[in-house]
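Chain naming here is simple, since letters A, B, ... match the order of the sequence lines and numbering starts at 1 in each.
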Amino acid sequence: MNRIQVAVLVQMIAEELLPWYDRHARELPWRLSPRQKRSNPDLLFADPYRVWLSEIMLQQTTVATVKGYYEKFLMAWPSIHDLASEELDNILSAWAGLGYYARARNLHKCAKVVAEELGGIFPDTEEGLLKLPGVGPYTAAAIAAISFDRPTTVVDGNVERVIARYYALEDPLPGVKPQMKECAQKQTPNERAGDYAQAMMDLGATICTPRSPGCVICPIQTDCLGRKSGIAEDLPKKAPKKEKPTRRAYAYLFLSEERGALLRRRPEKGLLGGMTEVPTGNWIVQGNAEREPGLDQLSQWTELDGIVKHTFTHFHFEITVLTAKVSRDHDEVAKAVQGKWAHKSDFAALALPTVMKKILHHADYI
DNA sequence: AACTCGTGGTC
DNA sequence: TGACCAAGAGT
């Protein structure tokens, strides 16, 4: 066996992946385009503020969904200082609809730490980044690689899928994660760390997809054990998921010709923390929804036909909507539910999550 | 370690 | 229609 054949047998993923990336990299708003790199050779790595912002938004969220939010945020808050000095409620409002609202709370918290304690400069190491609120193992590695050229091992859902297939790892997630990380670590190149990380994720997003992977056009098909053994599409295996229970509740929509709708702020932590809601009764875990006497007594209620259905990460939610006309004592009612009246023309400035918009829509109010 | 935490697209 | 899935982190 000569040396060339040996070299082929131990080929690194990066050797085939980076040339593919140079030809097929998607242009994304937070990514330096080849044109930018050519016209400004000093601009080797993307601005950490922009990379951080995009990576937080991209957690468990598709590129298509993130694009619009990213551009809106960058327009409203061009720098870490702009974001740090903004009020949380305005950030939550801009985040509304994107989901996982703890990300927005931590985004604000992190901006304050960087702006006020670190002089506006992001840490340039994986270890330093990992200490920031909302920045976990994936995000720390990604920012370190993309913005600071650190040869970190970036492992997200895409990389897990690519690695599971490439090495034909048949043990189920999440138990196999450490082994995946180990395999990914062996493949991490010292050069072009950011490009390699993004190339792996692009590969997973466009070719090594969960269903019907494009093995025939894959740049790393040659040494892929999953493809060779014909099990690529079935990997990675996952532990069976728990069934989602259904919770049910009544929503109490107070409406006023003069004052609009009565809305309130949810508790700071937990589900939809800090977001705006239509007042609801208890969210009953099993069985039918229950009326809330404290809310019932405040007005004369009409039950609307049909129900609003919404699925959260770990439960289904079914809401029966009640409406009531309020024509006097507006402030007393608002005080009783600890809410505020808002005209529908002002809804755009509120932090209304999707489930609450569904309720308002069902009542034909928006 | 296992659970919590959103939403929109896709098949 | 419903289950699955997506550039995960915090507790």
hydrophobic_cluster_shared for A:Val321 and A:Ile284, side chain cutoff 4.5 Å: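 No, no single cluster joins them.
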Rounded distance in Å between the P positions of B:dG8 and C:dA9: 22 Å
Separation of the P atoms in B:dC11 and C:dA7, to the nearest angstrom: 15 Å
Residues in contact with DNA chain B, drawn from residues 165-194 of chain A - heavy-atom cutoff 4.0 Å: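 Within residues 165-194 of chain A, no residue comes under 4.0 Å of DNA chain B.
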Which residues share a side chain to side chain contact (heavy atoms under 4.5 Å, CB included) with [X], sequence neighbours left out:
X: A:Asp329; result: A:Glu332
X: A:Ser85; result: none
X: A:Glu86; result: A:Trp77, A:Asn90, A:Ile91

Nearest-angstrom distance from the residue atom CD of A:Glu160 to P of C:dC5: 13 Å
Under 4.0 Å protein heavy-atom contacts per nucleotide of nucleotides 4-11 of chain B, with B for base, S for backbone only and - for none: SBBBS---
Remaining members of the apolar cluster that contains A:Val333, side-chain heavy atoms under 4.5 Å: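 In the cluster with A:Val333 are A:Tyr250, A:Tyr252, A:Phe254, A:Leu262, A:Leu295, A:Leu298, A:Trp301, A:Leu322, A:Val326, A:Val337, A:Trp341.
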Touch class at under 4.0 angstrom, heavy-atom based, for A:Val159 against every strand present: nothing
Any A:Lys269 side-chain nitrogen or oxygen under 4.0 Å from OP1 or OP2 of C:dG10: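 Answer no for this pair, as no side-chain N or O of A:Lys269 is under 4.0 Å from OP1 or OP2.
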Geometric class of the A:Tyr49/A:Trp52 ring pair [parallel <30°, tilted 30-60°, perpendicular >60°]: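 The arrangement is tilted - the two ring planes meet at 30° to 60°.
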